[in-house]
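Remarks on the structure that follows.
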2 protein chains.
Amino acid sequence: MDKSDTRQRIIEAARRIFLQKGMAGTRMQEIADAAGINKAMLHYYFRSKEQLFKLVFAEAVKEIFPKVEKALAGDLPIREKLLAFVRAYISQIREHPFVPLFVIHELSNRPTEFFMEPEKSGAPQKMLQKLMQEIIHAQQRGEIPDYPPQHLWVNILALSIFPFIARPLIQQLLQMDDKAFERFLEERTAQVARFLDQALRIA
Amino acid sequence: MDKSDTRQRIIEAARRIFLQKGMAGTRMQEIADAAGINKAMLHYYFRSKEQLFKLVFAEAVKEIFPKVEKALAGDLPIREKLLAFVRAYISQIREHPFVPLFVIHELSNRPTEFFMEPEKSGAPQKMLQKLMQEIIHAQQRGEIPDYPPQHLWVNILALSIFPFIARPLIQQLLQMDDKAFERFLEERTAQVARFLDQALRIA
DNA sequence: GTCTATAACATGATAGAC
DNA sequence: GTCTATCATGTTATAGAC
């Protein structure tokens, strides 16, 4: 078994377990078992648990921070652009449903520097600021209601992400089994789009 | 120092730390320090870490599962009722901002039985089913758009809870410092109400 | 009820043979 | 590169004095 393969298997196993149990809840032994190797190998490829965690975490952050830039980059009208974002973002999260809760949980009680080099102020942030301007301009032209842009943006994020974060809570409250929840998720994109579209109509 | 006082101090310290760091991330030593006693006392009052955790967790669950039944109980028109819920729920979460993320995180990867005696199907669930019926009836009377009730309910929950769960993410993305985020939260109730109100208007 | 001391075990990390 | 064996430390929990 050549080097890169083992290394890759470790990363994948670590990702799976870290995402579900978090840094504090994960045991190196469990990662080793899942990767089909032993603990010593983990420390051979990655010096420490923290280093392995940082690798997994950094990848997860990239997935949760809107890298859905394609949807936001074009010059569509604002309504279509926001709807396109919802579709692209929900689609992406569906492929990695554990990422949002993992990132948010690990982000809590950690200094900013841990997950972001302070040099670059971040591409997603800049793209968002540009979007905020577009929203304001569209509002000035009377194309959408004048919600404060930050609230509008949080609303869109909330509608898109929340079901994946709060799955156990939702299933309990609405008495859905796993199959019912899967159906719910399949409908989700269309339903969020419709709800948002309605909220963006001019009074 | 009489018994109930020490016991209470332990519970409060445990709550504070469990809520922020979760079960796996919490050390009994830290709880003892926060309560101003030593570890042995924790085991004197509560047999084990798990038992202490279950106590804290059960209390938190009661706070996150809509105990805002007053807002849902009356016979207001459906729009007013939903808006009243939003106001009551956000207000309650603001008093315990760490509860939602804590409950959701600990709920993940735990069997249902852990947090809910299977006998009683749960007051919140029944109240919600009743609300679902009210929504359907209001839709049949053409008072609000015919969003599937489950999606509408999740949307309302998402708009209300998400900012508290995703605070670090939001602050990073929107470049808010703590003061800016506090202001954001103060505006939140009104903004969610407005957004929801708009989404509930008849086309 | 409260403390100190310590047992019993789990866990991250390393040494060294192959 | 991979393994076994082991160290060093941390953590839950208990024993026993006061």
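Letters go in sequence order (proteins before strands), and every chain restarts at 1.
- Along DNA chain C, the nucleotide nearest B:A40 and the nucleotide nearest A:K49 are compared for position; the residue whose nucleotide lies closer to the 5' end is B:A40.
- Within the 4.0 Å cut-off from OP1 or OP2 of D:dG1, not a single side-chain nitrogen or oxygen of A:T6 is found.
- The phosphate of C:dT2 (OP1 or OP2) has no side-chain N or O of B:N38 nearer than 4.0 angstrom.
- When atom types are taken as modelled, the side chain of A:R9 and the backbone of A:A35 share a donor-acceptor pair closer than 3.5 angstrom.
- Between B:H43 and D:dT14, a side-chain N or O to OP1/OP2 separation shorter than 4.0 Å is absent.
- As a whole-Å value, the separation of B:F53 CZ from D:dT11 P is 18 Å.
- Taking atom CZ of residue B:F46 and atom P of nucleotide C:dG1, one finds them 12 Å apart after rounding to whole Å.
- Atom NZ in B:K39 sits roughly 15 Å away from atom P in D:dA15 (whole-Å rounding).
- The backbone N or O of B:G22 sits nowhere less than 3.5 Å from a side-chain atom of B:E106 that would complete a donor-acceptor pair.
- Put simply, CE on A:M41 is 15 Å from C1' on C:dA17, counting in whole angstrom units.
- At whole-Å resolution of the value, CD1 in A:I37 and P in D:dG1 are 13 Å apart.
- Across residues 11-33 of chain A, A:T26, A:R27, A:M28 each have a non-hydrogen atom less than 4.0 Å from an atom of DNA chain C (numbered order).
- Looking at A:F164 and A:V99, their side chains never come closer than 4.5 Å, going by heavy atoms from C-beta outward.
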Practice prompt. For A:R15 and A:E59, run salt bridge (Lys or Arg N to Asp or Glu O under 4.0 Å): C-alpha distance rounded to whole Å, both residues' side-chain angles, the deciding distance at 0.1 Å, then the answer.
Written response: CA-CA 9 Å; A:R15 179 186 156 94; A:E59 282 306 306; over 6 Å; no

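- Judged by distance alone, with hydrogens and angles left aside, the side-chain atoms of A:K49 form a donor-acceptor pair with the main-chain N or O of A:T26 at under 3.5 Å.
- When the P atom of C:dG12 is taken as reference, atom CD of A:Q51 falls 15 Å away, rounded to whole Å.
- Listed for the A:N109 side chain is a donor-acceptor partner under 3.5 Å among the backbone atoms of B:Q20.
- Remark: A:D146 engages B:R194 in a salt bridge (Lys or Arg N to Asp or Glu O under 4.0 Å) (not counting sequence neighbours).
- Residue A:Y44 places no side-chain N or O under 4.0 Å from the OP1 or OP2 atom of C:dT14.
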